[in-house]
Amino acid sequence: MCVSSPSGASEQFRNIRQTVGTGRSRSECQHIIQSFAPGEVTPERALLIGQELCKALFNDEYQYVLAVHVDHSHVHNHIIVNNVNFYTGKTFETEHNQGKIPERAWSKLRTISDELCRKQGLSIIENPHLSKGKSHWEWELDQQNLSWKEQLKRTIDEVIKASEDFEDFLAKCADFGILVDYNPDHKIDLKFMLAEQKERNPRAKMTRAKTLGYFYESQQIRRRIESYKYQMSHRPTARIIRTTAEKFQQSQGLTNWADRENMKAASKAINEMTADNTTLEELESAALTAFSQRMSAKSEQSALRKQWDEIQELLPLVEEVIKYTDIHKRYKSLTGKEQTKFGKQCAYELSEYDRLFAKIREIVPEGKVPSPELLRKQLEKIQEQYNEQSAKYDTSKKEADRLAQQIQKKRQSQKTLDRYLQNEQAAKRKKSQLE
């Protein structure tokens with residue numbers, strides 16, 4: 001419903017917003033990115049799927065420009081949509097982004113995209129419920145570590161590193177600018193909020209620990225404090241225990257379970273519980289170890305960054321003061337009238353030397369002033385160390401995230417099996433009563 005050139009489409013978008021739009025929204029466009037797994041689609045096929053997506057989502061009521069990008073290993077579509085309905089003048093938010101979460105635009109978009117990909121035999125994200133949808137604005141802030149959630153998580157991480165135990169953690173939250181609400185008797189036992197956020201918005205509500213992620217639940221914080229303190233470096237010792245999965249396999253009710261759908265769910269659960277031959281406790285221990293390693297690498301990065309900044313500030317001062325060092329030495333070697341005369345002749349150079357040297361002493365209070373060559377070598381070494389810690393951070397973060405997802409799956413599988421065992425016990429009691 002517009003021309004294909006970007007400048008022409010932009011002008012036509014603007015005309016619709018000005019002539020038809022209600023003018024109640026400051027948003028001009030919506031930006032959609034539809035990505036495919038590497039090697040699964042050609043750009044031409046991606047374009048056709050993108051057109052089908054737009055047809056289903058916009059019903060020929062919104063102007064849009066669709067472009068296929070091949071600048072990454074995965075082919076992906078970028079769709080820029082005019083924020084105003086071509087006919088009604090209502091905004092996209094009004095027509096598609098209201099109501100409960102399942103009714104929001106991103107949820108509908110995901111559903112349509114998944115259906116199209118399934119028809120084409122393409123892979124999709126199988127467990128989208130494990131992640132939480134967010135606006136593009138919040139996503140961009142997350143990438144820059146600027147969102148309030150990211151700030152809150154980073155600050156909690158700092159409190160954990162400074163805490164001796166969970167009680168100490170709760171006490172120190174205030175020192176780090178965190179409001180905390182802990183009630184072990186409640187199902188939702190732990191909530192957080194940045195004090196700064198409360199000051200800006202007195203009506204703001206506290207965030208449940210679970211919302212921040214698995215590693216910020218009360219039990220995991222307890223474990224993380226211990227894990228960080230002792231920096232667990234060994235693999236968790238396997239325990240010989242009779243798991244719920246084993247109980248299930250030995251259960252007589254397994255062979256007598258009549259409900260086929262429940263059987264399918266239970267079979268899937270048992271496979272997930274036993275697939276990696278690890279217990280839930282072992283996974284949790286490994287996940288906390290990985291997260292602790294991530295925190296340690298982050299601390300090292302911060303320390304290295306501080307050293308880097310210090311040397312970056314010092315280096316130009318040292319390079320500049322060297323220009324006046326010989327003059328200063330010459331001045332110090334003279335006495336009497338000769339020194340006075342030389343001092344007048346080189347007043348500017350001597351003044352600059354004193355000014356620069358005073359700044360250097362603020363950074364290096366004691367000891368010999370290092371040479372520029374030595375400082376550059378130190379920068380190279382710091383960069384190498386920083387890169388090493390970055391690699392450790394990335395590796396441990398991926399491992400922690402991977403294990404957290406496994407834990408969530410295993411927890412769900414555990415609940416499925418627990419429900420079956422409860423139903424089986426109830427059936428046995430009922431049969432016994434009847435007899």
Side-chain angles (χ1 to χ4, degrees), residues 132 134 138-184 188-201 204-233 284-310 382 385-401 403-404:
K132 183 176 181 292
K134 63 181 71 173
E138 187 177 0
W139 178 86
E140 282 185 332
L141 290 179
D142 280 347
Q143 304 310 299
Q144 304 171 51
N145 287 334
L146 294 176
S147 77
W148 62 266
K149 281 186 182 178
E150 201 61 35
Q151 290 182 42
L152 180 56
K153 290 197 289 186
R154 283 210 315 268
T155 309
I156 292 172
D157 292 343
E158 292 302 314
V159 183
I160 287 173
K161 289 190 284 187
S163 302
E164 291 297 319
D165 51 37
F166 186 70
E167 287 67 30
D168 189 36
F169 166 82
L170 295 174
K172 285 181 176 175
C173 277
D175 298 336
F176 285 77
I178 297 178
L179 305 178
V180 60
D181 179 10
Y182 176 63
N183 189 331
I188 302 171
D189 62 343
L190 187 60
K191 299 177 183 178
F192 296 106
M193 179 188 290
L194 288 171
E196 180 183 1
Q197 187 188 1
K198 187 68 173 179
E199 291 173 6
R200 291 183 178 181
N201 181 12
K205 296 182 179 180
M206 302 193 84
T207 301
R208 292 177 293 176
K210 189 176 181 179
T211 303
L212 298 176
Y214 168 77
F215 293 106
Y216 296 89
E217 297 173 9
S218 58
Q219 190 59 33
Q220 312 317 320
I221 288 177
R222 295 176 190 273
R223 294 177 176 180
R224 279 177 59 190
I225 292 171
E226 292 302 316
S227 182
Y228 185 77
K229 280 172 60 180
Y230 298 107
Q231 284 298 295
M232 294 166 60
S233 58
E284 289 177 338
S285 179
L288 289 166
T289 300
F291 201 90
S292 178
Q293 290 168 351
R294 169 188 166 186
M295 289 173 63
S296 179
K298 193 68 176 177
S299 296
E300 288 294 326
Q301 283 181 308
S302 299
L304 290 167
R305 173 56 65 184
K306 186 177 180 181
Q307 293 177 37
W308 174 276
D309 292 342
E310 214 170 68
I382 289 172
Q385 292 174 336
Y386 189 88
N387 291 341
E388 289 176 5
Q389 293 300 327
S390 295
K392 288 181 181 178
Y393 176 86
D394 291 341
T395 301
S396 56
K397 183 180 184 302
K398 287 179 182 177
E399 180 66 5
D401 292 344
L403 290 168

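We're numbering straight along the sequence, starting at 1.
- Heavy-atom neighbours of Arg208 CZ from other residues, nucleotides or ligands within 6.0 Å: at or below the threshold of 12.
- Annotation for Leu179 and Ala195: closest pair CG-CA, 4.1 Å, computed over non-hydrogen atoms.
- Nearest approach of Gln197 to Ala204, heavy atoms of both residues: NE2-CB, 4.3 Å.
- The distance from the OH atom of Tyr182 to the CG atom of Leu190 is 7.5 Å, given to the nearest 0.5 Å.
- Using a cutoff of 4.0 Å between basic side-chain nitrogens and carboxylate oxygens, Glu158 and Lys161 are scored as salt-bridged.
- Residues Ala162 and Phe176 approach most closely at CB-CZ, 4.1 Å, considering heavy atoms.
- Interatomic distance, Leu194 CG to Met206 CE, rounded to the nearest 0.5 Å: 10.0 Å.
- One distance of note links CD of Gln301 with CD of Gln389; it measures 7.0 Å at 0.5 Å rounding.
- Between the side chains of Asp157 and Tyr216, at least one donor N or O lies within less than 3.5 Å of an accepting N or O.
- Exactly one residue among Lys398, Lys397, Glu399 makes a side-chain contact (heavy atoms from CB on, under 4.5 Å) with Asp401. That residue is Lys397.
- The CD1 atom of Ile156 sits 4.0 Å away from atom CG of Leu152, with the distance rounded to the nearest 0.5 Å.
- For the residue pair Ala209 and Phe192, the shortest heavy atom distance occurs at CB-CE1, 3.9 Å.
- Here the CD1 atom belonging to Ile221 is positioned 8.5 Å from the CG atom belonging to Leu212, to the nearest 0.5 angstrom.
- Across Val180 and Cys173, no two heavy atoms sit closer than the pair CG1-CB, 4.1 Å.
- Between atom CD of residue Glu164 and atom CD1 of residue Ile225 there is a gap of 9.0 Å, rounded to the nearest 0.5 Å.
- Summarising the geometry of Lys392 relative to Ala297, their closest heavy-atom pair is CB-CB, 4.3 Å, with the distance given to 0.1 Å.
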